[in-house]
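Because the structure is a prediction, the values reported are computed rather than measured.
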Amino acid sequence: MFPDLVVEVSGPLACFTRPELKVERVSYPVMTPSAAVGVLEAVFWKPEMAYVITAVEVSKPVEWTQVRRN
């Protein structure tokens, strides 16, 4: 019915925080579907469009780093 939209997103750092760990800012290993909707709406927003995420694929290995705050 509707065509598939495929978007490749990359960046040096990303943090998809977990709601149960707000203080430590622990991230999910990959983008969550709600974060993917947020990225699509930031780029292709129109009030009549609604996005349904069917898959999130990882094209590179996930690398972890620690950022300390005081």
Report task. Could you tell me which residues satisfy side-chain contact (heavy atoms from CB on, under 4.5 Å) with K60, sequence neighbours excluded, listed by chain and number? Result -> none
Under 3.5 Å, sequence neighbours excluded: what are the donor-acceptor pairs made by side chains of residues 29-45?
from: T32; atom 1: OG1; to: S34; atom 2: OG; distance (Å): 3.4
from: T32; atom 1: OG1; to: A35; atom 2: N; distance (Å): 3.3

Report summary line: Taking every heavy atom of S27 against every heavy atom of A14, the minimum-distance pair comes out as OG-O, 4.3 Å
**Report entry** Heavy-atom pair of closest approach, residues Y51 and L5
**Finding:** CE2-CD2, 4.1 Å
Query raised in the report: Counting only heavy atoms not in E63, do more than 12 fall under 6.0 Å of its CD?
Result: no
Query raised in the report: Below 4.5 Å, heavy atoms only, C-beta onward: do L13 and T65 meet side chain to side chain?
Result: yes
**Report entry** Co-membership, hydrophobic cluster, residues V58 and W64, 4.5 Å side-chain
**Finding:** yes
